[in-house]
S.K.: 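This structure is in structure tokens; I'll ask about it shortly.
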Protein chains: 2
Amino acid sequence: MKPKLTLKQIARELDVSVSTVSKALRDSPEISDDTRQKIQAFAKLYNYKPNNIALSLKNRRTKTIGLVLPEIVHDFFATVISGVEEVANKRGYNVLICLSNNSFDREVINLEMLANGSIDGFILSVAKETQQKGDYHHLEEVISQGMPVVMVDRVVNDIICDKVIIDDSDGARDAVQQLIDNGCRKIAIITTVDYISVGKLRTEGYLRALRNNDLEVEEDLILKIEDVENSHEEIAQFLSEREVDGIFAVNEQFATSAVKAIISQGRSVPDDVLVFSFSDGELSRRFIPTLSTVNQHGAEMGAKAADLLLDRIENDTTEEKFQTTIVKTSLIERESTQNRKMPAV
Amino acid sequence: MKPKLTLKQIARELDVSVSTVSKALRDSPEISDDTRQKIQAFAKLYNYKPNNIALSLKNRRTKTIGLVLPEIVHDFFATVISGVEEVANKRGYNVLICLSNNSFDREVINLEMLANGSIDGFILSVAKETQQKGDYHHLEEVISQGMPVVMVDRVVNDIICDKVIIDDSDGARDAVQQLIDNGCRKIAIITTVDYISVGKLRTEGYLRALRNNDLEVEEDLILKIEDVENSHEEIAQFLSEREVDGIFAVNEQFATSAVKAIISQGRSVPDDVLVFSFSDGELSRRFIPTLSTVNQHGAEMGAKAADLLLDRIENDTTEEKFQTTIVKTSLIERESTQNRKMPAV
DNA sequence: TTTCAACACGAAATCGATTTCGAGGGGTTT
DNA sequence: AAACCCCTCGAAATCGATTTCGTGTTGAAA
């Protein structure tokens, strides 16, 4: 690594002191026009850029924020990253991304790595395993150190900090309502186990929609998936044993598995069964049929989280109280709920 | 931000010097057992962790690598990130991710931001606009500064550095060969314009496969997409005017658009037309029919790139010559090429 | 008793930048 | 001519850690 140009070298070269160089480059009035121009010309010529690390040490802030996510090969989190990155860059910050791969241990390690001066604050979405364990000491620790933290999507209610979430429950309710409005009466839900906060909330929304319409809640129509990897067979099995006219799936994977299962039964989506999905990604947009879905506005969530975090970092508003921002979901209706046989109610 | 515990504070608290504390914590033999234990106990009690920034400044290395990508809402790049992240973390490094959004200017800005001490080296995949412009001065600059750089996937031949690519051309050739073996004789290709390096290479592979089998190359069957956003209509139009029995698409988006167009013509994939895609993602795995595709092994590419970069960083092997690693693609055959009518040759 | 080595620790330099404070020189005021 | 001020610049502290070198003490060897 070739050593980069430093203030000291410029000083030696031009036979002035380091402080003079620093001041000249920052247009301090202490420095005469003559000297200033000479130094600035030299710096420009050799393309001097101050060393970020030295600045970080001096200023006690790194102009970098950390983003800790459970996974990345997932359109939703990818869009969150885009949102965070855009806002952060616009405001002059870098983004340090760490993946927990849904592992508690990796999440702890990541927080520790970052919390030692590398960053000015965190944005994180909690790992699945962490939610399962319910162990949040690592979060409490960094927060008690005074590190600003914003949680996104998969949040922890017990931890007090800024949060950006979507109205999971309302979004689910609206989606199911849509199914009902389109004539469905026997609606199954394919969801996650309850310790996943968003899964639980979406299940609640499903239940609310049914009750709002005086439809009976049949426990038998609720499928809670524990093992996402092998969910496809489980879903196929589930649907083969039940006669439903509508399916609400809490993510794209479950939705596509459901469609596939229905089709392999010789039935059709949307002619025989309507399917509503959650989380809008490439998959929903390009599937055949295209999937109706609840749009989570991931980029917007990321952008909002970044703004919240940077506001807290820059204004040092430690005493200001924490807020939970809810980004509204919206329904995107596509082919999978365009029923041609059942008339809309 | 509450000030974190520093060596100086420990020193003051225990009434020893800063150097003694530092040495004690690093188990230096200069320090007596007594003092060492006292200091280590204190540090442990108050959970002392050295400040990363100070270490970076002192050591002249940040234990962080930069990863500059054109986009992220794209399974391939997401898997590359996973691979990089895993290796980097395993070897004790953080990953700073920047997105260029395929913009030349943003790429330049990102490089400049990172090149000032924030990181020890780069991994990057060149932005589309940069390839179009052919302006690589920003790359040359950071490299001439002695910053180690590894390029991934979308590489620039003119720049001399380590590279990790796939055998785009061979992968495409193999895919097209597979189509031919499955009985296709009129094979269209849906590809990108030539300034995208990988698009051009895949087109070459397509041509080679045709020639290898003494099939005539019909320019009319080659569709080069410039505007990816509105590619769907272009593809539908293209296919409606041509009678083909096989389609090779250089990415998942083009492939799904093609399938959709074929189906809306009242024909079937794979019964009437076989479709082979490139880049294996959720979409290919979950589409109906599931898509045969050329697997790019993104995680492997990312991992390899990270290993190359870290080796260069840690061994300071500036003089060692640069290598281009080719990660072999592999064909994944799924439903979209399981022809039931045309017998395999 | 003198000398010397081993031991345990501290002072200071260093990484690269910023910033406070002080000082020298030139000119102006009384 | 004495007093003063302003302009311009440099020395040094600082951020938090590491590391070299030096120093004082103790004990043992000569």
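All chains are named by letter (A, B, ...) in the order of the sequence lines, taking the proteins before the strands, and each is independently numbered beginning at 1. Small disclaimer: the values here were computed from a predicted structure and weren't measured.
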S.K.: Quickly work out the A/Leu5 CG to C/dC15 P distance and round it to whole Å.
M.R.: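 About 14 Å, once rounded to whole Å.
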S.K.: Among D/dT18, C/dT18, C/dG10, find the nucleotide with the atom closest to the side chain of B/Leu55.
M.R.: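 Shortest atom-to-atom distance from the side chain points to D/dT18.
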S.K.: Using whole Å, report how far NZ of A/Lys38 lies from P of D/dT8.
M.R.: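 Atom-to-atom, A/Lys38 to D/dT8, this comes out as 13 Å.
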S.K.: Taking any heavy-atom pair under 4.0 Å as a contact, classify B/Thr35: base, sugar-phosphate, or nothing.
M.R.: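 Result for B/Thr35 = sugar-phosphate.
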S.K.: Need one value for A/Thr6: base, sugar-phosphate or nothing, where a base atom within 4.0 Å counts as base even if backbone is also close, heavy atoms only.
M.R.: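 Sugar-phosphate, no base atom in range.
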S.K.: Do NZ/NE/NH1/NH2 and the carboxylate oxygens of A/Lys63 and A/Asp120 come within less than 4.0 Å?
M.R.: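 Salt bridge absent between A/Lys63 and A/Asp120.
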S.K.: Can you tell which of D/dC9, C/dC15, C/dG16 lies closest to the side chain of A/Ser32?
M.R.: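 Taking heavy atoms from C-beta onward, the closest nucleotide is D/dC9.
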S.K.: C/dA8 P sits how many Å from B/Asp27 CG, rounded?
M.R.: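 After rounding, the gap between these two atoms is 14 Å.
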S.K.: State whether B/Glu71 and B/Arg154 are salt-bridged, where the test is any N-O pair (Lys NZ or Arg NE/NH1/NH2 against Asp/Glu carboxylate O) under 4.0 Å.
M.R.: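 Salt bridge between B/Glu71 and B/Arg154, a charged N being under 4.0 Å from a carboxylate O: yes.
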S.K.: Has A/Arg61 got a side-chain N or O lying under 4.0 Å from the OP1 or OP2 atom of D/dC15?
M.R.: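 No, no such contact exists.
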S.K.: Expressed as a whole number of angstroms, how long is the span from A/Leu7:CG to C/dT19:P?
M.R.: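 That distance rounds to 12 Å.
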S.K.: Closest approach to the side chain of A/Arg60, judged atom by atom: which nucleotide of D/dC15, D/dC9, D/dT18 is it?
M.R.: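 So the nucleotide nearest the side chain must be D/dC15.
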S.K.: Using whole Å, what does the distance between atom P of nucleotide C/dT18 and atom CD1 of A/Ile53 come to?
M.R.: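 Checked: the CD1 to P distance equals 14 Å.
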S.K.: Could you state the atom-to-atom distance from CD of A/Gln9 to P of C/dG16 in whole Å?
M.R.: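 Nearest whole value for this atom pair: 8 Å.
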S.K.: Give a yes or no on whether a donor-acceptor pair under 3.5 Å exists between the nucleobase atoms of D/dG16, that is its base, and the side chain of B/Lys4.
M.R.: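 When only heavy-atom distances are counted, B/Lys4 does not reach the base of D/dG16 through any donor-acceptor pair under 3.5 Å.
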S.K.: Using a cut-off of less than 4.0 Å, is there contact between a side-chain N or O of B/Ser22 and OP1 or OP2 of D/dA17?
M.R.: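 So the side chain of B/Ser22 is outside the cut-off, no N or O lying under 4.0 Å from OP1 or OP2 of D/dA17.
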S.K.: To the nearest Å, how far apart are A/Leu25 CG and C/dG16 P?
M.R.: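 Taking CG of A/Leu25 and P of C/dG16, I get 16 Å after rounding.
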S.K.: Return no unless some side-chain N or O of B/Tyr48 is found under 4.0 Å from OP1 or OP2 of D/dA17.
M.R.: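 True: B/Tyr48 side-chain N/O within range (under 4.0 Å) of D/dA17 OP1/OP2.
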S.K.: Quick one: do A/Lys304 and A/Asp307 make a salt bridge, cutoff under 4.0 Å?
M.R.: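 No.
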S.K.: Heavy atoms from C-beta onward define the side chain here; which of C/dG16, D/dA17, C/dT18 lies closest to that of B/Pro50?
M.R.: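 Selected nucleotide (nearest to the side chain): D/dA17.
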S.K.: Has the side chain of A/Ser19 got a donor or acceptor that lies under 3.5 Å from a partner of the other kind on the base of D/dA11?
M.R.: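 Pair found.
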S.K.: With the side chain of A/Glu30 defined as its heavy atoms from C-beta on, choose the nearest nucleotide among D/dC9, C/dA17, C/dC15.
M.R.: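 Of the options given, the side chain of A/Glu30 lies nearest D/dC9.
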S.K.: Just wondering, more than 12 heavy atoms not from A/Asp15 lying within 6.0 Å of its CG?
M.R.: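 At most 12 heavy atoms, drawn from other residues, nucleotides or ligands, come within 6.0 Å of this atom.
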S.K.: Quick one: which of D/dG10, C/dG16, C/dA8 gets closest to the side chain of A/Ser17?
M.R.: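 Selected nucleotide: D/dG10.
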S.K.: Tell me what B/Val16 touches on the nucleic acid: a base, only sugar-phosphate, or nothing, going by heavy atoms under 4.0 Å.
M.R.: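 Sugar-phosphate contact only.
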S.K.: Between D/dA17, C/dA17, C/dG10, which one does the side chain of B/Lys23 approach most closely?
M.R.: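 When the side chain of B/Lys23 is considered, C/dG10 is the closest of D/dA17, C/dA17, C/dG10.
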S.K.: Going by an N to O cut-off under 4.0 Å, is there a salt bridge joining B/Glu86 and B/Lys90?
M.R.: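 Yes.
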S.K.: A/Lys63 has an atom NZ; how far is it from atom P of D/dC15, in whole Å?
M.R.: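 Taking NZ of A/Lys63 and P of D/dC15, I get 21 Å after rounding.
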S.K.: Kindly compute the distance separating OG (A/Ser125) from CD1 (A/Ile165), expressed to the nearest 0.5 Å.
M.R.: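 With rounding to 0.5 Å, OG (A/Ser125) is 11.5 Å from CD1 (A/Ile165).
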S.K.: Given that B/Lys58 and B/Asp33 both sit by DNA chain C, which one's nearest nucleotide is further toward the 5' end?
M.R.: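 The answer here is B/Asp33.
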S.K.: Can you see if the side chain of A/Arg26 gets near the phosphate of C/dT19 - specifically, an N or O under 4.0 Å from OP1 or OP2?
M.R.: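 Yes, such a contact exists.
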